[in-house]
Each structure stands twice: as C-alpha cells, then as structure tokens.
2 protein chains.
Amino acid sequence: MNTYTDFFKALSDETRLRMLNLLIVSEAELCVCEFTDIMETPTYNISKHLKILKNSGLVSERKEGRWVYFGLIPVKEKFLTLLFEAIKEISEPKLKTDLIELQKRFDIRVKGKCLLGIQKEHLKPLNT
Amino acid sequence: MNTYTDFFKALSDETRLRMLNLLIVSEAELCVCEFTDIMETPTYNISKHLKILKNSGLVSERKEGRWVYFGLIPVKEKFLTLLFEAIKEISEPKLKTDLIELQKRFDIRVKGKCLLGIQKEHLKPLNT
DNA sequence: TGCATAGTTGCACTATAACGCAACAAAGAT
DNA sequence: ATCTTTGTTGCGTTATAGTGCAACTATGCA
C-alpha cells in the first residue's frame with residue numbers, strides 16, 4: 001500500500017505537483033537550476049523536493065557534468081498513466097505560468113542542454 | 001492549487017485510500033459502522049478520516065436516523081474521473097480483502113440499509 | 001592549484017497530522 | 001425519562017514534513 005500512498009503524498013505538496021506538471025506536459029528532463037528559475041523557489045528546496053519525488057518512484061535522475069536532470073520514469077502501469085492524465089487535466093493559473101516560464105528556459109538551452117545557470121537575480125547564490 | 005493538493009493529501013493516507021477504494025468499486029454509500037467492521041479500525045478513527053475525505057471534497061455525507069452514510073460526490077470533472085479510474089487499477093491484497101469484507105456487510109443489510117451495527121467484538125464500544 | 005558554478009545535506013524551528021482515550025451529542029428503543 | 005446505539009469531538013502525545021540558513025560536495029575552468 002505504501003507504494004501508492006507515497007505517490008499521493010508526493011503529489012500532496014504544491015511545489016512537487018508543479019514539478020510533476022512541468023515534467024508531464026513537457027515530456028522532457030529538466031535540471032535543478034531550470035526548476036529554480038521557473039518556480040522561483042530556492043535551489044535547496046527544489047533539490048529536496050526532487051529527492052522526495054525520486055524516492056517515491058515517480059521521477060528519475062541523470063547527472064551530466066555539473067548538471068543534474070530529472071525526468072519522469074518510463075510509465076508502464078496503467079495506474080500511473082491514468083494519474084498523469086489526471087494531472088494534465090488540472091487547470092490552475094500557476095501551472096499555466098510555470099509552462100510559460102519553462103518555455104523561456106527552453107529557449108536559452110544550447111543544443112538541448114541547460115548551460116546557463118539561474119537567471120533570476122534573487123535566486124542566485126551569494127558570491128562570498 | 002489547494003483543491004488538488006488536498007485531493008492528493010486525502011489519498012496519501014492508507015486508511016483513506018482504502019475507504020476511497022471501497023466507495024469507488026462498490027459505487028455505493030457506506031455507513032460508519034460498516035467501514036469500522038470492514039477495515040477493523042476504531043470508529044473514532046473512521047469518523048475522523050471520513051471527515052477529512054469530506055472536507056477535501058471527494059466524499060459526501062447523508063444522515064439517516066442514527067446512521068450516517070458516506071458516498072462519492074457525483075463526478076463531473078475529468079480530473080476526478082481519471083483519478084478514480086487510476087485508483088481502480090491499484091492491485092493490493094488489502095484492497096481485495098476489504099472488498100470481500102464489504103460483501104459480507106452488504107449481505108447483512110436489510111432492504112439495502114445498514115441496520116446491524118458493528119459485528120466484530122473488539123471494535124464494539126464498551127458497555128459502561 | 002585555486003576559484004566559480006551546480007547541487008546536496010544537516011540542523012534548528014515550526015507546523016501539521018495520526019493515534020488512543022475519554023467525554024460528548026443525537027436519535028431511537030424500552 | 002432513561003438507556004442503548006451510532007457517531008463525533010477535544011485533548012495530549014508522538015511522528016512526520018516543510019522552510020531557511022549555513023556548511024558541504026562535485027565538477028569544470030583559468
């Protein structure tokens with residue numbers, strides 16, 4: 001039963017539901033700094049929430065140089081197919097604007113890769 | 001966004017997921033003492049969890065004499081249709097045995113109504 | 001070799017949530 | 001009217017979860 005309650009627990013947080021929405025609609029992998037910029041949420045929180053999604057089994061991780069990309073796991077079970085379809089049906093302004101911000105980040109990718117870090121000033125790490 | 005995170009939060013607890021499973025598969029209303037017997041969980045917890053489900057907007061309440069019946073709300077949105085379809089796809093032993101216990105409770109209904117209270121001794125209230 | 005960039009983790013704090021018990025309310029039965 | 005049955009609620013306890021800050025790791029660059 002934990003398998004399923006963990007799925008739902010993963011989605012019961014707004015930050016994580018927004019992340020899943022980005023991954024489901026875009027059908028792409030996103031890196032941590034892209035999530036940070038799109039969602040205007042500190043990197044350390046992005047990182048922690050992605051870890052929860054990964055541990056729930058919804059999301060997978062791939063490291064490429066300094067960047068870490070997160071994407072949906074390949075869906076085989078009907079349960080997840082339906083769950084993701086359901087999430088696609090959610091009509092919430094915040095999810096819409098997230099997708100607009102996502103497009104902006106895709107636009108500055110270089111050959112499909114995230115090379116530029118965080119763009120939003122207030123989210124950049126403080127240079128010591 | 002809370003509408004949706006609250007749906008998922010409601011389902012992120014094993015007790016409540018089991019309740020939803022009973023309501024979705026049976027397409028019926030169940031009363032508190034039936035949930036108690038089927039799930040072998042104290043009435044006060046059953047009652048609290050049903051309240052959470054009701055507040056999330058997934059479940060509705062109907063009082064009939066001393067009995068209170070809970071059932072799924074009528075589903076209009078595609079989101080809930082897909083969510084409930086997803087739940088139907090969950091294959092977990094506990095959910096299966098719950099349905100067997102449900103049938104036993106249906107068998108002792110009188111004209112479709114729950115007239116007998118809790119049957120399992122250890123769940124009956126203590127006679128003071 | 002040192003520095004910047006990208007990301008993670010540990011800690012303290014706060015908030016939320018589940019549980020058991022006991023008291024309570026509401027409705028019907030005696 | 002009183003008792004029984006059905007269900008709810010408040011309280012104290014314990015466990016879990018989200019946040020911000022600061023320290024840390026890891027990779028690449030000059």
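Chain identifiers are assigned alphabetically (A, B, ...) following the order of the sequence lines, protein sequences preceding nucleic acid strands; residue numbering begins at 1 within each chain.
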> Given atom CD of B/Glu40 and atom C1' of C/dG20, what is their separation to the nearest angstrom?
Replying inline: 18 Å
> Rounded to whole angstrom units, what separation is found between the CD1 atom of A/Ile46 and the C1' atom of C/dT9?
Replying inline: 16 Å
>> Going by side-chain contact (heavy atoms from CB on, under 4.5 Å), B/Ile73 matches just one of B/Leu23, B/Leu80, B/Val59. Which one?
In response: B/Leu80
> Passes salt bridge (charged side-chain N to carboxylate O under 4.0 Å, His left out), A/Glu85 versus B/Lys78? Steps please.
Replying inline: CA-CA 9 Å; A/Glu85 287 300 314; B/Lys78 211 166 172 188; over 6 Å; no
> A/Asp37 has an atom CG; how far is it from atom C1' of C/dA6, in whole Å?
Replying inline: 13 Å
>> With a cut-off of less than 4.0 Å, is there a side-chain N or O of B/Asn45 near OP1 or OP2 of C/dG20?
In response: yes
> Would A/Glu34 and A/Arg109 satisfy salt bridge (charged side-chain N to carboxylate O under 4.0 Å, His left out), going step by step from the backbone distance to the final call?
Replying inline: CA-CA 10 Å; A/Glu34 290 174 324; A/Arg109 276 195 179 186; 2.8 Å; yes
>> At less than 4.0 Å, is any side-chain N or O atom of B/Tyr44 found next to OP1 or OP2 of C/dG20? Yes or no.
In response: yes
> In terms of side-chain geometry, is the basic nitrogen of B/Lys113 or B/Glu64 positioned less than 4.0 Å from the acidic oxygen of its partner?
Replying inline: yes
>> If you apply the rule salt bridge (charged side-chain N to carboxylate O under 4.0 Å, His left out), what do you find for B/Glu92 with B/Arg18, and how did you get there?
In response: CA-CA 10 Å; B/Glu92 284 279 344; B/Arg18 289 170 68 197; over 6 Å; no
> Is there side-chain contact between A/Tyr69 and A/Cys114, with heavy atoms separated by less than 4.5 Å?
Replying inline: yes
> In whole angstrom, what separates B/Phe35's CZ from D/dT6's P?
Replying inline: 16 Å
> Starting at NZ of B/Lys120 and ending at P of D/dT5, how long is that distance when rounded to a whole Å?
Replying inline: 19 Å
>> Using ring centroids (six-membered ring only for Trp), state whether B/Phe79 and B/Tyr4 fall under 6.0 Å.
In response: yes
> Counting N and O atoms only, with roles assigned by atom type, does the side chain of A/Gln119 sit under 3.5 Å from a partner on the main chain of A/Gly117, one being a donor and the other an acceptor?
Replying inline: yes
> D/dT6 C1' sits how many Å from B/Glu29 CD, rounded?
Replying inline: 17 Å
> Have A/Lys120 and A/Thr36 got a donor and an acceptor in their side chains that come within less than 3.5 Å?
Replying inline: no
>> Which nucleotide wins on minimum distance to the side chain of A/Pro42, given the candidates D/dG20, D/dG7, C/dG7?
In response: D/dG20
> Would you say A/Leu17 and B/Phe8 make side-chain contact, with heavy atoms under 4.5 Å?
Replying inline: yes
> Once each nucleotide of nucleotides 23-30 of chain D is scored for protein heavy atoms under 4.0 Å, what B/S/- sequence comes out, 5' to 3'?
Replying inline: ---SBS--
>> Please give me every residue in residues 7-25 of chain A whose heavy atoms get under 4.0 Å of an atom in DNA chain C, ordered by residue number.
In response: none
> Expressed in angstrom and rounded to an integer, what is the separation of B/Leu123 atom CG from C/dG20 atom P?
Replying inline: 11 Å
>> Can you pull out the residues from residues 48-55 of chain B that lie within a 4.0 Å heavy-atom distance of DNA chain C?
In response: B/Lys48, B/His49, B/Ile52
> Taking CG from A/Leu116 and P from C/dA4, how many angstroms apart are they, rounded to a whole number?
Replying inline: 18 Å
> Closest approach of B/Cys33 and B/Ile118, non-hydrogen atoms and distance?
Replying inline: CB-CG1, 3.8 Å
